[in-house]
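What follows is a single structure, written as structure tokens, with notes after it.
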Number of protein chains: 2
Amino acid sequence: MSKPEGLHKQAVTMRDVAQAAGVSQSTVSRVLSGTDGTMLIGEETRQRVLEAVAALGYFPNRHAGSLRGQKTMMLAMMIADIGNPFYHPMVRAVQDVAHEHRYDVMIANTDHTYAGERLFVESVIQRPVDGVILVPYHMGKADFDRLIARTGAAVAVLGQHIDHPQVDTVYGNDDQALFEAISWLVHERGHRRVGLIGVTNEHSVGVRRRSAFVAALRQAGLAIDPALFTLGDWTESSGYRAAQQLLALPEPPTAVFAVNDLMAIGAMEAIQSAGVQVPQQMAVMGFDDIPQATWVRPRLTTVAQYPAEMGRWMATALFERIQGEFDGVGRRFEVKCRLCQREST
Amino acid sequence: MSKPEGLHKQAVTMRDVAQAAGVSQSTVSRVLSGTDGTMLIGEETRQRVLEAVAALGYFPNRHAGSLRGQKTMMLAMMIADIGNPFYHPMVRAVQDVAHEHRYDVMIANTDHTYAGERLFVESVIQRPVDGVILVPYHMGKADFDRLIARTGAAVAVLGQHIDHPQVDTVYGNDDQALFEAISWLVHERGHRRVGLIGVTNEHSVGVRRRSAFVAALRQAGLAIDPALFTLGDWTESSGYRAAQQLLALPEPPTAVFAVNDLMAIGAMEAIQSAGVQVPQQMAVMGFDDIPQATWVRPRLTTVAQYPAEMGRWMATALFERIQGEFDGVGRRFEVKCRLCQREST
DNA sequence: CGAATCACCGCATACGATTGCATAAACAAG
DNA sequence: CTTGTTTATGCAATCGTATGCGGTGATTCG
């Protein structure tokens with residue numbers, strides 16, 4: 001009775017194909033999906049159907065399949081900031097793997113906020129997908145339970161933020177790598193006052209890296225000066241401001257460690273603008289090894305992570321679950337970080 | 001009869017809410033959408049329904065609405081390379097506008113290939129969305145006709161590549177800006193041998209920029225030396241290789257212009273590695289003004305584009321069409337480029 | 001030669017939400 | 001008491017696809 005004013009005109013449906021081929025719609029469905037082992041289709045009709053499909057340029061409407069409870073052929077990916085180059089190879093890798101499986105990828109930014117993360121979860125509840133890839137900073141186990149219970153999607157996660165029995169995890173040994181990096185800075189390079197550009201404690205990864213930083217200083221027998229701890233929000237400009245703060249100190253540090261490269265690059269910019277030489281007067285070190293770390297001068301010493309590998313791992317783990325090849329307890333995969341010694345230290 | 005094995009478990013549907021509130025499912029629909037002006041709902045039942053919604057934590061299944069031909073609450077965006085920082089503010093702006101409208105964004109890479117672009121169109125045909133944003137390099141009018149005819153989606157496009165009556169377009173005056181940039185390089189800076197790092201003629205934007213380049217040289221009365229024309233593929237590494245090629249020339253240019261910043265940065269890397277001073281011995285100039293242009297040393301002289309503004313414009317134009325506020329012929333919006341004079345020239 | 005088997009295919013229903021139409025209740029007017 | 005009108009709600013069809021089950025014609029077997 002109701003004729004929906006086609007905002008989306010689906011000119012050619014399965015019924016059209018059926019009519020053109022002189023068969024029923026269900027036959028067309030069976031020819032195309034083919035997965036119905038018990039059902040046999042005559043070779044002649046199969047050909048007629050395939051010809052009609054080609055002639056009409058038919059494509060299946062995936063909204064229908066999604067509604068029917070089939071695969072949605074879609075992945076959702078949540079990252080913190082699409083402007084951060086660290087995520088690009090990851091997104092890239094996920095998209096590549098997805099396309100191999102003829103999947104599409106929906107992407108959302110959270111801007112590192114909890115509100116953004118919850119919005120993402122609600123979005124996925126409203127439009128269920130087959131798989132979800134997350135880089136969570138705030139979400140708790142309850143949020144994951146809800147996500148999984150309501151959508152039934154396979155879930156893969158980056159980072160040690162969460163440990164959930166049903167989600168696969170890939171993470172770097174960042175705390176250990178950071179510990180070693182600071183130790184190297186102290187012992188090999190002789191720095192005794194090292195400033196930190198960290199993030200607020202709302203980010204569990206910030207807490208972990210800060211602890212590793214403190215532990216390294218402690219182990220080296222150095223004093224912990226609260227004035228040397230500054231905060232940023234992962235962006236280049238926040239690194240710039242944090243470095244200014246450190247430079248303004250009565251007794252500035254001789255080295256600055258930023259918990260990501262963007263902030264390190266911003267810090268270097270600030271330090272050089274102030275007429276302070278890097279690394280002679282002040283060394284700078286970052287984390288991630290984004291490509292831009294080698295574009296700046298001096299080239300940035302940093303701790304490399306391997307986002308492409310991480311993304312590929314998450315995506316393949318996801319598809320193993322989607323295709324039912326694996327459904328055990330969440331796997332954990334560690335990608336080792338590596339110190340990249342360059343010119344800024 | 002058929003019980004689809006719920007890959008996606010939608011625990012709570014509208015029917016559940018209806019049952020909990022003791023009304024029919026259609027009443028729930030009317031309470032929630034509310035858009036049905038002719039239909040009145042008793043205040044008491046409205047409350048009962050809303051309470052049931054809250055109690056059950058109901059969210060609408062958007063796959064169903066999409067199938068029914070309603071809005072899909074989804075945008076699709078096609079860009080060439082998610083690794084190119086030029087696109088990030090654009091993606092960002094689109095996502096921000098979309099989220100204001102409670103829309104999600106599906107993103108696809110084409111890697112600058114026609115195959116990638118066609119794949120995207122097919123993907124959108126199979127899963128219609130309300131709006132499409134494209135950065136096309138190869139697609140022709142026929143592809144756009146097909147896209148629009150098959151999906152009925154609103155379309156917005158970046159660049160002058162296509163001019164279609166039904167699509168809104170935003171573009172920079174890149175040819176003019178490039179002409180002026182080269183003229184500036186020649187007249188103000190005195191360069192008489194300028195190398196070009198361009199792209200193949202398959203990219204219409206490459207052709208246009210190359211023409212502008214040639215025109216500027218002609219107008220300056222300079223000879224056109226084919227050896228000074230090299231090709232890249234928009235990536236940093238291709239810029240590196242192209243610059244090596246120019247350096248190897250018997251008579252190398254005194255300035256190099258790359259049609260985007262990534263290639264310019266790659267070129268600068270190559271030039272400096274070869275022990276040639278930038279800009280004293282060889283000047284470098286790019287196009288786009290990505291943030292990284294000010295990270296490198298010397299800072300890159302370039303022609304600025306404003307991708308965030310471009311993205312915002314495309315997105316708002318799209319929503320004007322989606323919401324029926326506009327349905328006239330495709331609008332065109334020019335975003336002026338601007339020369340950013342820095343240290344590399 | 002009648003019945004059982006088999007290969008092939010169509011009918012009908014369901015997924016969840018929207019919406020035109022029918023309908024029930026309540027009330028007013030004649 | 002009948003008829004008309006208003007108000008609030010339910011029924012049922014629909015979007016495009018998947019699938020259990022029943023049906024039909026042909027072949028085979030006892």
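Since the model is a prediction, treat every value here as computed from it, not as a measurement. Residue numbers begin at 1 in each chain, while the letters A, B, ... track the order of the sequences.
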Atom CD of A:Gln70 and atom C1' of D:dC15 are separated, to the nearest Å, by 16 Å
Whole-Å distance separating the CE atom of A:Met73 from the P atom of D:dA18:
11 Å
Counting the atoms with a prime plus P, OP1 and OP2 as sugar-phosphate, which does A:Arg15 contact under 4.0 Å by heavy atoms, base, sugar-phosphate, or nothing?
base
Sorted by position of nearest nucleotide on DNA chain C, 5' first, the leading residue of A:Ala64 and A:Val28 is A:Val28
Between C:dT19, C:dC9, C:dC11, which nucleotide gets closest to the side-chain atoms of A:Ile41?
C:dC9
What contact category does B:Thr27 fall into here, base, sugar-phosphate, or nothing, at under 4.0 angstrom with non-hydrogen atoms?
sugar-phosphate
Go through the structure and list residues passing side chain to side chain contact (heavy atoms under 4.5 Å, CB included) with B:His101, not counting sequence neighbours.
B:Val97, B:Tyr103, B:Phe319, B:Gln323
dist B:Arg30:CZ -> B:Thr45:OG1 (nearest 0.5 Å) comes out at 11.0 Å
If you take atom types as modelled and just measure distance, does the side chain of B:Arg30 reach the base of D:dG10 with a donor-acceptor pair under 3.5 Å?
yes
Whole-Å gap separating P (D:dT14) and CG (A:Asn61)
18 Å
Minimum heavy-atom separation for B:Ala317 and B:Asp168, please, with both atom names.
CB-OD2, 3.7 Å
Given DNA chain D, 5'-ward residue of the pair A:Leu67 and B:Gln25, judged by closest heavy atom
B:Gln25
Rounded to whole Å, please give me the gap between CD in B:Gln19 and C1' in C:dG16.
15 Å
Among pairs that include at least one residue of residues 138-169 of chain B, which meet ring-ring contact (aromatic ring centres under 6.0 Å, His included), considering only residues two or more places apart or in two chains?
B:His138-B:His203
How do A:Gly65 and B:Arg46 order along DNA chain D: which one's closest nucleotide is nearer the 5' end?
B:Arg46
Answer yes or no: does a side-chain N or O of A:Ser29 lie under 4.0 Å from OP1 or OP2 of D:dA18?
yes
